[in-house]
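See structure below.
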Amino acid sequence: MSRFRKPMFGAFVGATTAGGWLIMDLMLPDPEGDYFLFSLMAIVNAAVGWNVVKMLNKKPETKEATSEKWQTESN
């Protein structure tokens with residue numbers, strides 16, 4: 001992705017997510033809907049955070065590691 005597409009994509013995803021939560025908040029009944037919505041938001045944020053941490057902890061494979069893996073599998 002280009003340098004200017006990433007921030008625009010992030011802003012779009014953030015705006016649509018916030019808009020989705022707002023629409024759900026307006027559609028649900030007031031006291032019970034808030035409890036449901038806040039619980040759902042907590043679960044979604046935990047899942048997103050979990051996946052971000054998993055993605056950041058992945059180590060990219062180098063060319064040497066890839067060639068070593070092919071050599072050990074072929075033997």
Side-chain angles (χ1 to χ4, degrees):
M1 258 191 216
S2 74
R3 182 178 174 200
F4 297 106
R5 275 190 174 172
K6 281 184 183 181
M8 294 301 290
F9 183 69
F12 177 73
V13 168
T16 54
T17 303
W21 291 125
L22 177 63
I23 289 171
M24 281 186 65
D25 187 34
L26 295 174
M27 288 175 41
L28 293 171
D30 204 13
E32 298 88 15
D34 287 341
Y35 295 127
F36 173 73
L37 183 63
F38 294 150
S39 301
L40 186 62
M41 288 172 71
I43 292 169
V44 168
N45 287 332
V48 168
W50 181 277
N51 286 323
V52 167
V53 169
K54 277 182 21 181
M55 183 180 64
L56 291 176
N57 285 337
K58 277 188 181 178
K59 295 180 182 172
E61 288 192 18
T62 61
K63 289 183 180 181
E64 295 84 22
T66 307
S67 64
E68 288 175 10
K69 184 195 289 186
W70 281 102
Q71 288 175 358
T72 56
E73 288 178 0
S74 64
N75 291 338

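How far CE of M41 is from CG of D25: 8.5 Å, rounded to the nearest 0.5 Å. Interatomic distance, L22 CG to T17 OG1, rounded to the nearest 0.5 Å: 12.5 Å.
For the pair L28 and D34, the minimum side-chain heavy-atom distance is 4.5 Å or more. Inter-residue side-chain proximity for W21 and V44 is flagged as met; some heavy-atom pair is nearer than 4.5 Å.
With a 6.0 Å radius and a threshold of 12 heavy atoms from other residues, nucleotides or ligands, M8 has its CE atom at or below the threshold.
The side chain to side chain contact (heavy atoms under 4.5 Å, CB included) test applied to V52 returns V48, L56, not counting sequence neighbours.
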